[in-house]
Amino acid sequence: MADRRAWTRAAAVVARGVATAAGLLLVASMLVFALVRAAPGDAVDVEFGESGASALLSPEEEAAARAQRARELGLDRGVPEQYARWLDRVVRLDLGTSFRTGRPVVDELGDRVAASAALGGAGFLVALGSAWLIASLSARRPGGPLDHALRLLSLAATAVPTFLLGSLGLRYAADWFGYPVAGEASWRRLWLPAVVLGVGAMPVVARLLRASLISEYGRPYALAARARGASPARLTFRHVMRPAFAPLLTLAGLTLSSLVAASVITEVIFSWPGVSEYAVSAISAKDYPVVQAYLLLVVAVVVVVNRAMDVLQHLLDPRVAHAADVAA
Amino acid sequence: MTAPVLSVSGLTVAYGPHPVLDGIDLDLVAGRVHVVLGASGSGKTTLLRALIGMVPAPGRVSARRLLLRTAAGEVDLSTPDAWRRVRGRHIGLIAQDPAQALTPLRRAASLVREADRLAGGAADRARVEQLLRAAGFADPGAVASRYCFELSGGMAQRLGVGLAVAPRPAVLLADEPSTALDGLARARLAATLRQVAGDGAAVVLVTHDVALAAGLADDITVLHDGRLAEAGAAAEVLGPGSKWMIGLRPAAPPPAVRSTRVLSTRGLRKRYRGTGPVLTGVDIDVADGEVVGIAGRSGAGKTTLLRCLVGLERPDGGELRIAGRTPAEAGWRALRRLVQVVPQDPRGSLNPWRTARELVADPLDAHRIGTRAGRRARADDLLDRVGLAGLEHRRPGQLSTGQCQRVAIARALALRPRLLVADEPVTALDAPLRQGVLDLLGDVVREHGMAALVISHDLYVLEALCHRIAVLDAGRIVEDLPAAALRDDGTHPLTRALIECHPTGETHVR
Amino acid sequence: MRVTRWGTGYGLFAVGAALVGLMVALAVAAPLIDRYDPAAQGVGPALAGPSVEHWLGTDRFGRDLAARVLHGGRTTLLATAAALALVVSVGTLVGAAVAAVGSIVDRLARRLFDLLVAFPVMVVALALVGLWGPSLATALAGVLIVLWAPFARLSRSLVRTALAEPSAVAARALGAGRWRLLRYEVWPRLRGPVLVLAAVEAAQLIGVVAGLSFLGLGAQPPSAEWGAMLQEGRAALWSAPHLVLAPGIAVLVTVLGLTCMAEGLRDMLDRAGQAVPE
């Protein structure tokens with residue numbers, strides 16, 4: 001009976017997560033649309049080239065062709081209708097074709113998603129692993145010498161810019177470890193950019209995890225568990241861990257956005273064939289459809305992952321759902 | 001006399017250069033309840049932690065002797081390893097706030113199973129069920145799969161006690177339930193401890209409440225500033241003429257109560273979104289110069305009522321009149337000059353960035369009364385009146401909790417209101433400070449001839465201040481009698497329960 | 001006796017402030033202490049390493065790197081300060097206003113803030129540069145579009161909790177009006193956390209703008225600006241790493257200073273029992 005109740009609650013949590021995600025995606029799409037529309041030049045300019053004069057057409061013919069194309073694209077309609085048409089195309093994944101390659105943008109980016117995901121995932125693991133290590137060492141003796149030393153390490157990691165760590169890492173890793181500077185995406189090439197990514201995202205996670213651990217260790221229930229004879233390991237893994245970790249899931253969602261930001265630089269420096277590297281090269285080539293698709297992709301991923309983490313937190317820590325029920 | 005189960009001598013604990021506990025001797029005997037009495041800051045919490053080997057990190061513990069006698073022989077408790085072996089199994093702890101002391105994200109059965117396994121039990125399904133039954137759960141199946149954070153206060157207390165006594169420890173330590181909890185929780189704990197002692201354990205209860213100690217203790221140790229102030233059999237320590245006993249002050253002589261009404265409510269109702277109704281129709285009248293008490297358990301709606309009376313919350317229905325006018329007619333800004341509040345949490349309710357003088361002058365500033373210099377002079381007069389002369393420039397962080405409450409009282413008097421509303425005025429204070437603040441409140445009310453409404457869960461507080469006491473339950477007044485007649489004539493079950501938790505002739509530590 | 005924070009925070013804050021102050025002072029005093037014209041080519045051999053004449057070496061046009069780093073700080077720090085002042089004031093005001101209005105506006109705004117805070121600043125700036133064309137102003141604009149949101153979110157929640165504090169409730173019950181509440185109850189609880197966030201976001205802003213410039217999407221050569229210098233240096237990473245190192249370390253020191261300030265302030269707030277923002 002209790003299981004049944006747990007399942008319906010879980011289903012409700014997931015359903016609510018999906019609904020919020022859908023709403024947020026809609027709002028996000030409006031923001032992206034506004035950003036794209038506010039850019040100088042419209043879709044017609046983009047197709048015909050910004051300079052205007054096309055070699056094959058006289059100025060009059062070109063003006064007529066432009067007007068024709070603008071009608072086709074619906075640019076003479078009101079803004080809401082334009083948005084609706086644009087959203088319709090986005091939902092059908094019709095994001096235009098790349099100027100450079102002539103292939104649909106969706107396919108171009110699709111080929112590179114796996115490489116980006118691998119790098120991001122590896123970076124996340126590095127960040128989480130090192131943060132866990134640092135936080136649990138620090139939380140043993142808060143205010144002790146080890147705690148202070150690890151804090152300085154975290155401060156340094158926050159301060160060092162990704163581009164500096166990345167380019168110097170690349171520069172010297174090649175000499176010292178024989179790191180392959182160029183080449184296909186491979187496991188041998190993954191570790192260095194993953195470390196660079198992870199170092200940037202680690203300090204925030206470590207600080208929160210440390211504070212969370214210390215505060216949970218100090219709670220009456222941890223005291224009571226020790227008084228009942230729980231060993232340090234049992235205390236950590238069976239009592240404190242779950243409450244300490246649950247609030248960090250929301251943070252993991254935020255870590256994602258800092259990972260994405262750092263991955264832009266990292267992918268370029270290490271010539272990692274991911275979506276960000278592709279987007280940066282598209283910017284230099286004024287390949288607008290790619291830029292727009294890239295922005296949409298990242299925003300969608302960020303929104304979905306954040307919502308997913310929220311749902312996961314509700315499932316892992318039923319107190320959150322409980323509190324939400326009471327507050328509603 | 002049988003050999004003590006746990007004997008401690010020369011126990012000293014220090015966090016910094018000065019010891020928090022200094023040379024404590026203690027012998028705990030099976031079957032007896034040993035109460036450790038002390039005000040906050042006396043070192044009683046540290047003693048409790050030392051008796052289970054869990055003094056927090058920078059603390060240093062030393063003792064001439066720390067000896068536990070078990071069936072298997074004597075155990076010297078001078079090393080962390082020794083403590084680890086006896087903790088839970090031979091020495092158990094009942095924590096202060098049971099709801100906070102259970103791992104929130106574990107299920108009840110899982111904690112019971114763990115406790116049994118740590119004590120060397122079978123930890124199977126039947127055993128868990130048996131232990132839950134023993135803890136007082138008539139239907140173990142219903143509670144077993146619940147998360148601990150879902151348990152009610154009463155259930156959490158039963159489970160917490162059950163977990164501690166399950167391994168049948170030779171010594172059971174209990175931290176008293178915090179005073180903010182209502183008296184019923186304390187009564188339940190007292191009964192449980194009696195029973196555990198009856199089953200042959202040595203029980204230690206740490207508290208600052210002499211009334212609780214007098215009703216329960218076989219032996220008493222009084223701690224003062226980390227030293228043993230007094231120790232012996234309960235009858236000796238708390239006997240007649242003991243310096244730890246003081247009679248409860250008789251109720252204040254009634255000042256002239258006039259017939260005009262300063263406050264009157266009819267059918268006041270309030271509910272918050274998503275919860276049941278909090279106020280279901282409250283009728284109260286307070287005449288000018290009259291002191292009325294509202295008693296009730298936590299959750300009865302006391303705080304919501306107060307918020308409605310001072311305009312922090314808009315009632316859903318019913319009528320509220322202050323000095324004959326409704327808020328709609330007069331506007332809250334004008335009415336607030338007539339009604340002032342002494343809040344529950346004296347430290348929290350004072351802005352930490354402002355000085356005592358600024359705080360007391362604040363209502364005058366807000367209502368722009370008099371000149372700036374005049375307001376400052378009035379603030380200094382008021383601080384003088386509440387016994388804080390010379391402390392005008394202190395901020396709340398530099399004042400004790402008792403002093404903060406005096407600032408709050410001075411501030412409430414600044415506008416010369418016709419009605420003073422006090423919300424649990426002494427709950428946040430240590431017992432020794434309470435009488436002083438209660439005296440002050442009684443005196444200023446009499447001097448100014450103002451009316452007062454005092455809200456509290458503590459019947460003693462109300463009896464010391466009020467002419468009339470109303471009992472609030474489930475959002476309604478269920479009893480409304482002159483203070484002197486309440487004990488004899490109160491008939492409502494809740495009134496009786498309150499009286500039982502506050503027996504006459506009991507005492508407070510001064 | 002729990003210690004969740006490390007020290008009093010004053011020391012750390014002082015170190016951070018000293019580092020930031022040093023960078024600002026160097027930038028301000030650049031014309032007085034430079035030994036070469038930052039734009040003059042051929043004042044030394046091309047791509048020379050650090051030496052007595054050229055402390056940080058020279059770039060491929062033989063320009064003095066030390067002078068360029070000094071002068072570059074002027075543009076970078078000024079642009080950062082201006083951008084920061086804008087997002088702090090706009091964000092804080094919007095958040096406070098939303099909290100004051102309350103009800104449905106407040107709930108919707110909270111959703112919007114949460115959404116914007118989750119947006120990766122770097123990517124939005126990148127997209128804006130992609131659509132408008134690379135320049136320092138565009139890169140900054142891209143950052144500003146989303147960077148006000150964290151301030152709005154913070155100030156919204158701080159104002160709400162401040163108004164629910166017992167002392168604010170007590171002040172209301174005593175008859176304090178809106179402005180008194182704002183002045184005595186809200187503002188003291190708002191200023192510290194906002195300052196922490198400002199230091200954190202300033203560090204992020206400098207990092208993102210420098211990163212974009214490093215990719216060639218921010219400040220453009222030949223201006224003496226840290227980001228632009230990074231971009232020039234990137235091309236010569238293998239032969240002359242000091243070209244990246246010099247402006248890179250300037251960025252690092254500034255960001256380190258801001259981070260230390262934020263951490264020190266966090267410790268102070270924590271000791272004072274105030275809200276500590278992430």
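Naming convention: chains lettered A, B, ... in sequence-line order (proteins, then strands); numbering from 1 in each chain.
When C:Gly207, C:Ala203, C:Cys260, C:Ala210 are compared by the number of non-hydrogen pairs under 4.5 Å with chain A, C:Ala210 comes out ahead. Comparing C:Val251, C:Val244, C:Leu126 by how many heavy-atom pairs each has under 4.5 Å with chain A, the most go to C:Leu126. Among the candidates A:Leu170, A:Val303, A:Thr162, the residue making the largest number of heavy-atom pairs closer than 4.5 Å to chain C is A:Leu170. Comparing C:Leu230, C:Thr254, C:Val121, C:Leu128 by heavy-atom pairs within less than 4.5 Å of chain A, the highest count is held by C:Leu230. Highest contact tally toward chain A, considering only C:Leu12, C:Val123, C:Thr259, is held by C:Val123 [criterion: heavy-atom pairs under 4.5 Å]. Highest contact tally toward chain A, considering only C:Val255, C:Leu116, C:Val208, C:Leu258, is held by C:Val255 [criterion: heavy-atom pairs under 4.5 Å]. Most heavy-atom pairs under 4.5 Å with chain C, from the set A:Val280, A:Val204, A:Ile269, A:Leu208: that is A:Leu208. The residue among C:Leu245, C:Leu256, C:Leu215, C:Leu131 with the most heavy atom pairs within less than 4.5 Å of chain A is C:Leu131.
Residues of residues 20-28 of chain A lying under 4.5 angstrom from chain C, judged on non-hydrogen atoms, are A:Thr20, A:Leu24, A:Val27, A:Ala28 by number.
Using a 4.5 Å cut-off between heavy atoms, C:Leu217 touches chain A through its side chain atoms alone. Of the two parts of A:Val302, only the side chain, counted from C-beta on, holds a non-hydrogen atom closer than 4.5 Å to a non-hydrogen atom of chain C. Contacts between A:Val160 and chain C at a heavy-atom distance below 4.5 Å involve backbone atoms as well as side-chain atoms. For A:Ala38, the parts lying under 4.5 angstrom from a heavy atom of chain C are both the backbone and the side chain. Within the 4.5 angstrom heavy-atom criterion, only side-chain atoms of C:Leu112, from C-beta onward, approach chain A. Heavy atoms of A:Leu164 lying under 4.5 Å from chain C belong exclusively to its side chain. Interface remark: A:Arg307 contributes side-chain atoms only to the contact with chain C (heavy atom separation under 4.5 Å).
Atoms CH2 and CZ, from C:Trp238 and A:Arg171 in turn, are 6.5 Å apart once rounded to the nearest 0.5 Å. How far CD of C:Glu263 is from CG of A:Leu152: 10.0 Å, rounded to the nearest 0.5 Å. Taking CG from A:Asn306 and CZ from C:Phe119, the interatomic distance works out to 10.5 Å, rounded to the nearest 0.5 Å.
No hydrogens or angles considered: nothing links the side chains of C:Ser213 and C:Gln231 as a donor-acceptor pair under 3.5 Å. Side chains of C:Ser135 and C:Thr138: a donor on one and an acceptor on the other come within 3.5 Å. Using modelled atom types, one finds a donor on one side chain and an acceptor on the other under 3.5 Å when comparing A:Glu216 with A:Tyr221.
The salt bridge (Lys or Arg N to Asp or Glu O under 4.0 Å) pairs that include a residue from residues 229-241 of chain C are C:Arg63-C:Glu232, C:Arg68-C:Glu232, where partners are two or more places apart or lie in different chains.
Between C:Phe214 and A:Phe163, the ring planes lie parallel to each other; the angle is under 30°, not in the 30° to 60° tilted range.
When C:Val200, C:Leu265, C:Leu269 are each tested for a side-chain contact (heavy atoms from CB on, under 4.5 Å) with C:Leu195, only one passes: C:Leu265.
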